[in-house]
Amino acid sequence: MKSLSLDEAAKKIKKLREQIKYFEKKYYVDNDPQISDYEFDLLVKELEKFESQFPELIIPESPTQRVGEQPLEGFVSVEHRSPMLSLDNCYSVEELREFEERIKKIIPSQKIEYVAELKIDGLGISAIYRRGKYSLAVTRGDGFRGDNVTPNVKTIRSFPLEIDDNREIEVRGEIYLPFESFKKINKERAEKGEPLFANPRNAAAGSLRLLDPKEVASRRLDVFLYSIFLQGKEQESQWQNLKALKELGFKTNPYSRLCSSLEEVISFWEEWYKQRDSLDYDVDGVVIKANSTQQRNLLGSTAKFPRWAISFKFPARQATTKIKNIIIQVGRTGALTPVAILEPVKLSGITITRSTLHNEDEIKKKDIRVGDYVLIERSGDVIPKVVSVIKGRRTGKEAKFTFPSKCHVCHSSTFKPEGEAISRCSNLSCPARLRESLFHFASRRAMNIEGLGEALLDQLLEKRLVKKIPDLYSLKFEDLAGLERMGPKSSQNLLDEIENSKQRDAARLIYALGIRYVGERTAQVLAAHFKSIDALAGASFEELTQIEDVGPKVAESIIFFFKQPENIELLRKLKEAGLNFSIKEEKEREKPLAGQIFVLTGKLTTLTREEAEEIIERLGGKVSYSVSQRTNYVIIGESPGSKLVRARTLGVSALEEKEFLKLIGKD
Ligand code: IVH
């Protein structure tokens, strides 16, 4: 390959970039993947190889250059070319009609068409392309000035780095975090003992403000564009704007609708109010825009809002209720989490009885007291949060909460590591920690001991049948059969399950040990690298930090774990019980769903969504979150969403839950 001339390399590189750009757009913008991730990665690797041999050919628009090497030092404030106005809100059909009346007063006797768009709950962004190249991205900020976040926005793969138009072009839209990415980020933060983000919007905002573009890239932000300003030429309508955006390769929301009357707008709003939960991102209403540019110009703006647009909000998933008590939960890492016990209240269909308060600082910051009335909120499918205290309803009887300095379960002292917001119980054998550790150990993604649920674990702990994790492996039939709601059959099933768990692979066992900062993925990386738990236990700091994905914090935590006499004893006993400590050359497992892409919509009755996803992946299939021509099956649960509609349009096979269960051999 060295023998390639610069010219030849340039040709090869150009071709690879074109291919990658095409597949990237198909995947990230059109939701219509054309090749597997593996094949895509091969193309990128090949391009990287050529570019490293001919660094003089690297250009900022190369797909390999999305993630900048250098962390930023801070953000520079930039003035917008024209203010990024916000939108007036309305909350009822009457108010929406008043909006139309206001328009009709200014431009009487004209027919008004509208574009109805989903209002994405994210962050406004403006991006500028010069001579066809991505050159600047600025947050909305206060509407007049925002932060220059060019390198961060560049990591969003649905943003084209080059467009086929040499004019200076500004596009505006909304950056958001899909629910899946939000859950993943919070899961990782929980595993690391870091404070969680309250909702996807906050997580998106936090991600956009990270100084290291590499970290931003790992957050999987996404974008929908809705405005375009072409130098010199104005499009004649919003519908044309959206079309122009699409044609240039920008990602626009697929559900926008051209409406010929306000009645059609109202139907659009009603449809989406019902099915907003079927989307994998949060929407908080519908934005209604007069379609014609000429009419827009006649209508103009007030100081704050355009007169040609309004946002018709969905009712918030908010409610008020009273805090009956604040309790402390002890997690398996010893983290003490305050939880508010609430007077039960209904919020978009579910009854809420508790809400996490995260940590001591959060309680202080919001000045939350026992007896307070609080505003709680659910965004999308996210767990409820206390938004604020309704101070006007205080009677003076509310009690301030003092964070305990001792663990209420084992009475050991607590400590708060420097720079962390979370207090921890210092006792490694705290019974509350043991309970959570056992629960984690048996969980589906760890040792997957089916049937060992919370209620049963509590009985085993209470009867002192299990005092340490390895005791699970010496449980006898008589021990179990004597417990509440345990017949002979379920006792034998559980014993079989426990026995089977000995064969789980070493990666699962590493994860099941609950080492701080070692999540599922890190456990897999460690197992693949060390091939045995004994080798991992003897690894040095240097050896560990040489592994990609293992930073100093993780390495220290692993070394600390394997140094503790209690953990050495734990491992000895697990080995003695016959658990799998090394990676056996795995036989190619049966993968009947290999190569098949599935999309789930609606609620399944016999499986949770996570369970269904795990089964599909275990059998070699892939789960995608949007329907495209490449989707093989859409699995329909109760009240399926728009994905089913799209599947029908594209002619993708739809499977009822029963048929799906049959396919996976669970009928
Ligand atoms: S149009 C002058 N369209 O909502 C009109 N905004 O409260 C500017 N937003 O700042 C906005 N989805 O960040 C528009 N389809 C959509 C939107 C949208 C979300 C955000 C945007 C704006 C805020 C206004």
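Remember, it's 1-based here, ligands and their atoms both numbered in the order they're listed.
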**Q.** Interfacing atoms of ligand 1 (cut-off 4.0 Å, heavy-atom, G124)
**A.** 13 (O)
**Q.** Within 6.0 angstrom of E236 CD, more than 12 heavy atoms from elsewhere
**A.** no
Q. Is it the case that R257 places NZ or CZ above or below the six-membered ring of F268, under 6.0 angstrom from the centre and within 45 degrees of the axis?
A. no
Q. Between L123 and ligand 1, does any nitrogen or oxygen pair lie at a separation below 3.5 Å?
A. no
Q) How long is the gap from OH on Y255 to CD on Q275, to the nearest 0.5 Å? A) 8.0 Å
Q | Which segment of L118 sits under 4.0 Å of ligand 1 when only heavy atoms are counted | A | backbone
Q: Please report the shortest heavy-atom distance between S256 and E117, naming the atom on each side.
A: OG-CG, 3.5 Å
(Q) Checking the N or O distance criterion of under 3.5 Å, is ligand 1 in contact with W308? (A) no
Q) Is it the side chain, the backbone, both or neither of R140 that has a heavy atom closer than 4.0 Å to ligand 1? A) side chain
**Q.** Which atom of V627 lies closest to which atom of A647, heavy atoms considered
**A.** CG1-CA, 3.8 Å
Q: Among all protein heavy atoms, pick out the one at the shortest distance from atom 22 (C) of ligand 1; state its residue, atom name and that distance to 0.1 Å.
A: Y226 OH, 4.2 Å
Q: Starting from atom 15 (N) of ligand 1, find the nearest protein heavy-atom neighbour and note its residue, name and distance.
A: E117 OE1, 2.9 Å
Q) Heavy-atom contacts under 4.0 Å between E174 and ligand 1: side chain, backbone, both, or neither? A) side chain
Q. Against heavy atoms of L87, which atoms of ligand 1 measure under 4.0 Å?
A. 5 (C), 6 (N), 7 (O), 24 (C)
Q. Of Y91, W272, W269, which is the lone residue that meets ring pair (Phe, Tyr, Trp, His ring centres under 6.0 Å) with F314?
A. W269
Q. Using the ring of each side chain (for Trp, its six-membered ring), is F99 parallel, tilted or perpendicular to Y114, with breaks at 30° and 60°?
A. tilted
Q) For atom 8 (C) of ligand 1, what is the nearest protein heavy atom, given as residue, atom name and distance? A) L85 O, 3.9 Å
Q.
Could you check whether F224 and Y176 have their ring centres less than 6.0 Å apart?
A. yes
(Q) Under 4.0 Å, heavy-atom basis, I'd like to know which part of M84 is in contact with ligand 1: side chain, backbone, both or neither. (A) neither
Q: Just need the protein heavy atom nearest to atom 19 (C) of ligand 1, so name the residue and atom and give the distance.
A: I120 O, 3.2 Å
Q: Could you say whether the N/O atoms of S86 and ligand 1 ever approach to under 3.5 Å?
A: no
Q. Are the side chains of V115 and N241 in touch, meaning some heavy atoms are under 4.5 Å apart?
A. no
(Q) Suppose I only count heavy atoms of P306 and a 4.0 Å limit; which atoms of ligand 1 are within that range? (A) 2 (C)
